[in-house]
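Letters A, B, ... mirror the listed sequences (proteins, then strands); counts begin at 1.
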Amino acid sequence: MRISKLFGKTQREVPAEAETTSHQLLLRAGMIHQVAAGVYAYLPLGWRVLNKLAAIIRNEMDRAGGQELIMPVLQPLELWQETGRDKAFGKGLFTLSDRRERQLALGPTHEEVVTELVKYNVQSYRDLPLLLYQIQNKFRDEPRPRGGLIRVREFLMKDLYSFDTDEAGLDASYQKMLQAYKNIFDRCGLPTILVEADSGAIGGKESHEFMTIAESGEDEIIYCEKCKYAANVEKAECAKEKLEAEEPLPREEVATPGAGTIEEVADFLKIPPSHTLKAVFYIADGKMVFVVIRGDIGVNEVKLQNALGCVELRLATEDEIIKAGIVAGAASPIGIKGIKVIADNSITSGANFVAGANKPETHLKNVNYPRDFKATLVTDIAQARAGDRCPKCGGKLASTRGIEVGHVFKLGTFISQKLGALFIDQNGASHPRVMGCYGIGLDRLLAAAIELNHDDKGIIWPVSIAPYQVYLCPLYKENSKAEDVAEKVYAELEAEGIEVLFDDRRESPGVKFNDADLLGIPLRVTVSPRTLEKNSAEIKKRSEKEAQLVPLEGIAIKLKELISQGLSRLSNSV
RNA sequence: CGGGGCGUAGCGCAGUCUGGUUAGCGCGCAGCGUUCGGGACGCUGAGGUCGGAGGUUCAAAUCCUCUCGCCCCGACCA
């Protein structure tokens, strides 16, 4: 490709709207263009990268036994209502109606459609396991798109769905996908870690995310410094400090003037926060919920939402709390009627806690569970934090930010049950198919690749996903043959199947070198009067400072060698 | 949805507080000439419903009302 003809120009200045590095570089390199909030067009260079990612993903999906197909973006809303996931997705689902007033949704994912599809094509255990995938645009009306391609409303996703006869089969499919994903991210030059995750609106029981560590990421990862434990903060567990068992004492009212928060109460009574019980109020699908947790621990709202099985969850307002007859700042789980009480399992160790008395500026000492109050449900709803202890090995937990580039789910049978997607086993008995689903957001993957591969000059593409492999750069000087020679080199490299971006502009060297760096093409070949004196050209790797002079004769072979070296380094682990 | 910020040429900005000729600057773009190993220079030129609507005024980019869009933080979110 000749740069003089390339659609999309580089920009010297950083567009004001971009704050994230990948966003800035993508715009400056002329790879994307914003059309609306969270909606982007890809220009030729960006599109080439996206296609390279797609090719790697296809290759690994096929190797893992996947079959590619394509399903519609437009889906009947009815299908979503059948599984109830229209509610789980809520406003995130783009909906529209057709001319006959039929309700449709733009697909945010395809479990329903693929399950229907498989239902009509596979009835026997003989046809399982089955792995089907597509690479297709998804639509999600995100409340807040951000960071350029990090979170968008229309995006390209690879989604694969596995169908098995039983749990063991699902485990095997899941393992295959974990390996395939690892291969994909390795080949894209992207170090990732696998973390335990919540399954959110997709549903299901077990789920993992592939995260790249990056400050610009939206997710917080909790990991153990000692063992391999790592989890999204939404899911992360921590070992809760066990309190000493004490003999339960009789309850006792104590005045706590001016003390409302846990810190104030603990300070006032000169006890550690872990000896208090914290009350937090939520509205879950319109109903008030009373949450009790040890004073030193925060509530994890994702865990709480899962425990409640509700769709909408928010903190209650002060008005709502007062209306429920509760004294804010001194709320008590004792004597609560008509309100669901959810307790974190941290309250089951230790004894004689301080809790509210439901009287202004008054608390109760020696509150004991379950002697003094009942909870509808006692489970883990605690927010793990850096500094807590690891639930697996007791080591210290740390925290970092990450970008979620892949997410895999063990769905189980809830969708196939709802949609009646059954198969017949060897004995002629019907069972629901056991499903898994596996997604990679390509746009985000592209953004993450830049977040992890750049310097102050621009992008540094790994060879495997670079839009072009070689940047051919003749330097102009009067009476020099550099341009003519470069034309010949260009023709030769193209003939050899090397992907060349030919900077045929009569720009000054600085402009060309800076653009080459910004675009991040892995290999730069300079042809100039200086190199021609030695009948050579200069090759410089984008990732390295030093350049080397190589004879023009056989330069294509030399470049091919460097390209395949770069590729093999990325696929070492395969 | 709550908080903050911003909409003036393709990009980055000034001008708005305090209303007053033809709305400026830099980059980029077009033409001509000189240059050519890390964002060269000179001259000439094109390019603007000042986000939109309504209002106040002799007069609005500037003041008022409404509205649309974009970014950031939070809520939220595979």
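- In this structure, of B:G37, B:C77, B:G39, it is B:G39 that holds the atom nearest to the side chain of A:Asp515.
- At the heavy-atom level, A:Arg28 lies under 4.0 Å from base atoms of the strands shown.
- Between A:His110 and A:Lys138, the closest side-chain pair of non-hydrogen atoms falls below 4.5 Å.
- Atom-to-atom, NZ of A:Lys457 to C1' of B:G39 comes out at 8 Å; the value is rounded to the nearest Å.
- Using bins of under 30°, 30° to 60° and over 60° for the plane-to-plane angle, the ring pair A:Phe89/A:Trp80 lands in the perpendicular bin.
- Within 4.0 Å of A:Gly30, counting heavy atoms only, lies no atom of the nucleic acid at all.
- Atoms CD (A:Gln24) and P (B:C72) sit 11 Å apart, rounded to a whole Å.
- A:Lys87 has its NZ atom 20 Å from the C1' atom of B:C77, to the nearest Å.
- Rounded to whole Å, the distance from NZ on A:Lys138 to C1' on B:C77 is 17 Å.
- Residue A:Asp517 is in base contact, counting any heavy-atom pair closer than 4.0 Å across all strands shown.
- Of the listed nucleotides (B:C11, B:A40, B:C36), B:C11 has the atom at the smallest distance from the side chain of A:Pro15.
- For the pair A:Lys541 and A:Glu546, the salt-bridge criterion is not met [side-chain N within less than 4.0 Å of a carboxylate O].
- The nucleotide whose nearest atom lies closest to any side-chain atom of A:Ala36 is, among B:G37, B:C77, B:C70, B:C70.
- Of the candidates B:C77, B:G37, B:G38, the closest approach to any side-chain atom of A:Lys540 belongs to B:G38.
- One donor-acceptor pair, N or O on each side, does fall under 3.5 Å between the base of B:G38 and the side chain of A:Arg524.
- Contact of A:Gln11 with B:G10 (side chain to base): no donor-acceptor pair of N or O atoms is detected under 3.5 Å.
- Looking at heavy-atom distances under 4.0 Å, A:Thr531 makes contact with a base.
- The side chain of A:Arg146 has B:C73 as its nearest neighbour among B:A40, B:G39, B:C73.
- In this structure, of B:C77, B:U35, B:G38, it is B:G38 that holds the atom nearest to the side chain of A:Phe513.
- Within 4.0 Å (heavy atoms only), A:Phe155 reaches at least one base atom of the nucleic acid.
- The distance from atom CD of A:Glu17 to atom C1' of B:C11 is 10 Å, rounded to the nearest whole Å.
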Go through the steps for A:Gln81 and A:Gln103 under the test side chain to side chain contact (heavy atoms under 4.5 Å, CB included), then give the verdict. CA-CA 11 Å; A:Gln81 289 160 341; A:Gln103 294 270 285; 5.9 Å; no
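- An OP1 or OP2 oxygen of B:G69 is reached within less than 4.0 angstrom by no side-chain nitrogen or oxygen of A:Gln34.
- The NZ atom of A:Lys534 sits 16 Å away from the P atom of B:G37 (whole-angstrom rounding).
- Defined by atom type and a distance below 3.5 Å, a donor-acceptor pair is missing between the side-chain atoms of A:Thr531 and A:Glu538.
- Atom CZ in A:Arg506 sits about 14 Å away from atom C1' in B:G33, given to the nearest Å.
- The residue A:Glu483 sits apart from the nucleic acid: no heavy atom pair falls under 4.0 Å.
- Ring to ring, A:Phe281 and A:Phe290 are close: their centroids are under 6.0 angstrom apart.
- The side chain of A:Arg12 lies closest to B:C27, out of B:C77, B:C27, B:G37.
- Taking 4.0 Å as the cut-off between side-chain N and carboxylate O, A:Lys303 and A:Asp198 do not count as a salt-bridged pair.
- Of the listed nucleotides (B:C71, B:C76, B:G37), B:C76 has the atom at the smallest distance from the side chain of A:Pro143.
- Relative to the side chain of A:Ser528, the nucleotides B:C77, B:G37, B:G12 differ in distance, and B:G37 lies closest.
- Rounded to whole Å, atom P of B:A30 lies 12 Å from atom CZ of A:Arg505.
- Taking only side-chain atoms of A:Arg144, from C-beta outward, the nucleotide of B:C72, B:G38, B:C11 with the closest atom is B:C72.
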